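Atoms within each ligand, like the ligands themselves, are counted from 1 in listed order. A quick note: this is a predicted structure, and the numbers were derived from the prediction, not measured.
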Amino acid sequence: MAHRLGTSASDIVAAVDYLRSGGVVGVPTETVYGLAASAFDIDAISEIYRLKNRPANNPLILHIHHPSQIERLADTIPETLPQIVDQFWPGPLTVVLKARPDVPAIVRGGGDTVGIRIPNHPTFLQLLASINEPLAAPSANRSNHVSPTTAAHVESDFPTESFPILDAGPTTTGLESTVLSLVGPPTVLRLGSTSITALREILPDVTIDLPDQQIESPGTSKRHYAPKTPFHIWSDQKITNEDGVLLFGGPPPEQAAHVWDLGDDPTQAGKKLYATLREMDQTQLRVLYVVLPNEKKLMQDDWLAIMDRLRRATQSK
Ligand code: AMP
Ligand code: MG
């Protein structure tokens, strides 16, 4: 099993040593826990792909602690970048830029771009400042499974692995970063914790174009962020007392005996979504259903990321 470190100065030193010796470390971020390795250590990066069983064409986000580190990773700095950095970093916004050729291809998923962000988490920032080099850190879950928002979630996804985890308690935003490409016209590639409305204030023409990574990777499923128990959108199916139901403040279906209500505030619901899916999974019910928020809410920007995760988590394959 992975072993837990705390967040003290000596824990950070231990994590830096481990990373410098080529290891992988579980790290807290404000979004979800990550599995970190030095961006330029190809063996350590390969280990991340192996641990997660992640398709080789799915690139990793690089984390930095200061904007001056962008130059080491990106070839071209778009005009809009300084304003974006000022407004959104540190925070849950990943910016995709044209990569410098010396950024290892494995980190780029074989492409010619690189995703970068400064996370807003004191422990991770201390780690990044101490090691003073970019760390690649995808979410610390097995590919396609629910993302981890506590150190215990990380341990449960990797029960037989022995890497250390910096345990800083539950994460704060709960959903992943928004991924914004500035290679060409500004385009959101993944919905996440930074809202489209906030991005539009600086990039009025930003569009959303979510490439379905999973469709592009042969042999992998579209299902992602998913519990192991069958999980469906509720549309009037009969509920038995062996079924679990996830609600967003609306009324439960008739006969529902096992109900989890995340409420109708999207920020609060986003924070708890993954931990709740994991908890529902552990109760060993037969089928899980989600009653979607009503249509008026679905049109609202702040529900987009949650709806995206639920759509992917309920895909059949
Ligand atoms: P994860 O770290 O597991 O939350 O996943 C990272 C997400 O960022 C994935 O959806 C990646 O496809 C996306 N991403 C990372 N780097 C890039 C990049 N260079 N271009 C496009 N998307 C990226
Ligand atoms: Mg992930």
Side-chain angles (χ1 to χ4, degrees), residues 24 26-37 39 45 48-64 70 73-76 78 91-101 103-119 121 124 134-149 153-154 157-158 171 173-194 208-217 220-227 270 273-274 277-278 305 308-309 311-313:
V24 168
V27 294
T29 82
E30 77 277 41
T31 60
V32 303
Y33 272 72
L35 213 47
I45 300 292
I48 290 183
Y49 279 91
R50 183 194 70 80
L51 285 165
K52 283 183 60 77
N53 193 25
R54 185 172 176 110
N57 63 356
N58 193 353
L60 305 184
I61 294 172
L62 299 188
H63 297 78
I64 57 176
I70 297 172
L73 303 171
D75 210 23
T76 320
L93 179 70
T94 297
V95 176
V96 173
L97 302 173
K98 184 99 173 31
R100 273 179 56 148
V103 174
I106 184 172
V107 168
R108 297 185 260 121
D112 58 3
T113 61
V114 65
I116 308 171
R117 82 176 184 108
I118 300 186
H121 192 288
F124 196 14
L135 295 178
S139 54
N141 53 280
R142 302 264 304 162
S143 258
N144 303 334
H145 192 217
V146 182
S147 303
T149 57
H153 295 161
V154 181
D157 265 35
F158 301 100
T171 64
T173 74
L175 293 177
E176 290 85 350
S177 61
T178 300
V179 177
L180 170 71
S181 171
L182 294 179
V183 180
T187 310
V188 168
L189 303 178
R190 176 176 73 181
L191 298 163
S193 286
T194 294
I208 304 175
D209 181 10
L210 310 175
D212 212 325
Q213 196 89 43
Q214 306 305 318
I215 288 176
E216 287 161 23
S217 316
T220 60
S221 66
K222 282 193 285 179
R223 194 167 155 93
H224 198 161
Y225 311 105
L273 178 66
Y274 292 141
L277 289 178
R278 282 175 179 264
D308 171 80
R309 302 307 188 265
R311 181 174 65 78
R312 292 171 197 261

Name every donor-acceptor pair, under 3.5 Å, that has one atom in a side chain of residues 134-141 and the other anywhere in the protein, sequence neighbours excluded.
residue	atom	partner	partner atom	Å
Ser139	OG	Lys52	NZ	3.4
Ser139	OG	Asn141	OD1	2.6
Asn141	ND2	His145	O	3.3

Legend entry - ligand 1 atoms in contact with Val114 (distance to a heavy atom under 4.0 Å): 19 (N)
Inset, instruction - Between Leu180, Val179, Leu35, flag the one that comes closest to atom 13 (C) of ligand 1 by a heavy atom. - result: Val179
Inset, instruction - Establish, from distance only, whether the side-chain atoms of Ser177 and Thr94 form a donor-acceptor pair under 3.5 Å. - result: yes
Legend entry - Enumerated ligand 1 atoms positioned under 4.0 Å from heavy atoms of Ile61: 6 (C), 8 (O), 15 (C)
Legend entry - Any donor-acceptor N/O pair, Arg278 side chain to Val146 backbone, under 3.5 Å: yes
Legend entry - Interfacing atoms of ligand 1 (cut-off 4.0 Å, heavy-atom, Asn58): 9 (C), 11 (C), 12 (O)
Inset, instruction - Taking the six-membered ring for Trp and the single ring otherwise, decide whether the centroids of Tyr33 and His153 are under 6.0 Å apart. - result: no
Inset, instruction - Give me the protein N, O or S atoms that fall under 2.8 Å of the Mg ion (ligand 2), sorted by chain and residue number. - result: Ser139 OG
Inset, instruction - Under 4.0 Å, heavy atoms only, figure out whether ligand 1 is touched by the backbone of Arg54, its side chain, both or neither. - result: side chain
Inset, instruction - Look only at the side chain of Arg108 and the backbone of Gly111, and say whether a donor-acceptor pair between them is shorter than 3.5 Å. - result: yes
Legend entry - Side-chain donor or acceptor of Thr173 paired with backbone N/O of Leu175 under 3.5 Å: yes
Legend entry - Within reach of ligand 1, part of Leu189 (heavy-atom separation under 4.0 Å): side chain
Inset, instruction - Kindly indicate whether the side chain of Asn53, heavy atoms from C-beta on, has any atom under 4.5 Å from the side chain of Arg142. - result: yes
Inset, instruction - Looking only at non-hydrogen atoms, find the nearest pair between Leu35 and Phe158 and report the distance. - result: CD2-CZ, 4.0 Å
Inset, instruction - With heavy atoms of Ser139 as the reference, note each atom of ligand 1 found under 4.0 Å away. - result: 1 (P), 2 (O), 3 (O)
Inset, instruction - Looking only at non-hydrogen atoms, find the nearest pair between Leu273 and Arg309 and report the distance. - result: CD2-CB, 4.1 Å
Legend entry - Heavy atom of Val96, distance to ligand 1 below 4.0 Å: yes
Legend entry - Which segment of Thr113 sits under 4.0 Å of ligand 1 when only heavy atoms are counted: both
Legend entry - Option nearest atom 4 (O) of ligand 1 (shortest heavy-atom distance, choices Lys98, His63, Arg190): Arg190
Inset, instruction - Apply the side-chain contact (heavy atoms from CB on, under 4.5 Å) test between Lys98 and each candidate in Asp75, Leu182, Leu73; give the one that qualifies. - result: Asp75
Legend entry - Val27 side chain near His121 side chain, heavy-atom distance below 4.5 Å: no
